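Single-structure report; data block below.
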Amino acid sequence: MADKIKITSRWNSDTVLFECDAPEGLESGLYMRHALEKATEAHANLSGAYLRDAYLSGANLRDAYLSGANLSGANLSGANLSGAYLRGAYLRDANLSGAYLRDANLSGANLRDANLSGANLSGGLKLVGIRPYFSIGPIGSRYDNLVAYITDQGLRLQAGCFFGTREAFVAALDAEHGQNEHGKEYRAALLMVDAHVSIWTPAEEAVEVSA
């Protein structure tokens with residue numbers, strides 16, 4: 001009888017969120033990667049999944065639903081996380097180097113001490129530095145997070161469906177909110193973003209980020 005691989009809840013280890021058979025001959029160290037890929041293919045709801053220290057390098061997790069999941073210490077290097085829903089996920093000490101994060105939702109995620117070097121965003125952008133991710137919120141009319149990314153091509157901001165440069169964000173902000181309460185709140189947040197970028201942009205990227 002084939003072994004069963006189970007993905008359980010971080011809140012209650014008796015709660016099984018997904019299970020599948022372990023393929024014959026598969027190394028045990030790859031069990032969780034296999035199960036998570038299968039769960040993603042099945043569009044399983046893995047909100048609050050317990051995946052601490054899981055080896056997920058190179059995994060195809062496109063559009064995975066991992067809201068609030070515990071991925072602390074997980075190896076996600078080179079993983080495809082495009083479109084993944086990671087809102088509120090616990091990613092402390094996770095290795096996301098070279099991961100593909102296009103359209104991934106990281107709002108409210110805990111990325112303390114996570115390795116994001118070389119992680120890919122949309123448009124061929126790559127994250128640079130030891131703290132390339134900065135999130136403020138929830139704020140604004142959507143009551144969502146304003147996320148800043150330090151990339152090899154400069155600062156990029158994400159808020160709701162917007163993703164672009166600081167200049168484009170300010171233009172959109174002026175057009176949509178002007179000087180109302182949401183506009184003022186976002187402008188205050190931008191001052192914090194600017195401070196973060198000034199402190200954490202690697203020296204070799206400073207010209208591009210400030211451009």
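Bear in mind that the values here come from a model prediction, so they are computed numbers and not experimental data.
Annotation: side-chain contact (heavy atoms from CB on, under 4.5 Å) contacts of I130 (sequence neighbours excluded): W200. Residues meeting the salt bridge (charged side-chain N to carboxylate O under 4.0 Å, His left out) test with D174, sequence neighbours left out: R187. Checked against ring pair (Phe, Tyr, Trp, His ring centres under 6.0 Å), Y133 has the following partners two or more places apart in sequence or in another chain: Y149. For R87, the salt bridge (charged side-chain N to carboxylate O under 4.0 Å, His left out) criterion is met by D144, not counting sequence neighbours. Applying the side chain to side chain donor-acceptor pair (under 3.5 Å) criterion to T8, with sequence neighbours excluded, gives no partner residue. Partners of R10 according to the side-chain contact (heavy atoms from CB on, under 4.5 Å) rule, which considers only residues two or more places apart in sequence or in another chain, are Y50, N70, Y90. Scanning for side-chain contact (heavy atoms from CB on, under 4.5 Å) contacts around D194 gives R166, with sequence neighbours left out. Residues passing the side chain to side chain donor-acceptor pair (under 3.5 Å) test with N95, sequence neighbours excluded: S97. For A168, the side-chain contact (heavy atoms from CB on, under 4.5 Å) criterion is met by F162, T165, not counting sequence neighbours.
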Between side-chain atoms of residues 28-38 and protein atoms elsewhere (two or more places apart, or another chain), which donor-acceptor pairs fall under 3.5 Å?
unit_1	atom_1	unit_2	atom_2	d
R33	NH1	S57	O	2.7
E37	OE2	N60	N	2.8

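Listed by first and then second residue, the salt bridge (charged side-chain N to carboxylate O under 4.0 Å, His left out) pairs involving residues 46-63 amount to none (not counting sequence neighbours).
In this structure, I139 and I136 approach most closely via the heavy-atom pair CG1-O, 4.3 Å. Between L17 and G48 the shortest heavy-atom distance is CD1-C, 4.3 Å. What you find for G129 and P132 is that their closest heavy atoms are O-CD, 3.6 Å. Closest approach of G137 and N145 over heavy atoms only: C-OD1, 3.8 Å.
Membership of the apolar cluster around Y65 extends to Y85, as traced through chained side-chain contacts below 4.5 Å between ILVMFWY residues.
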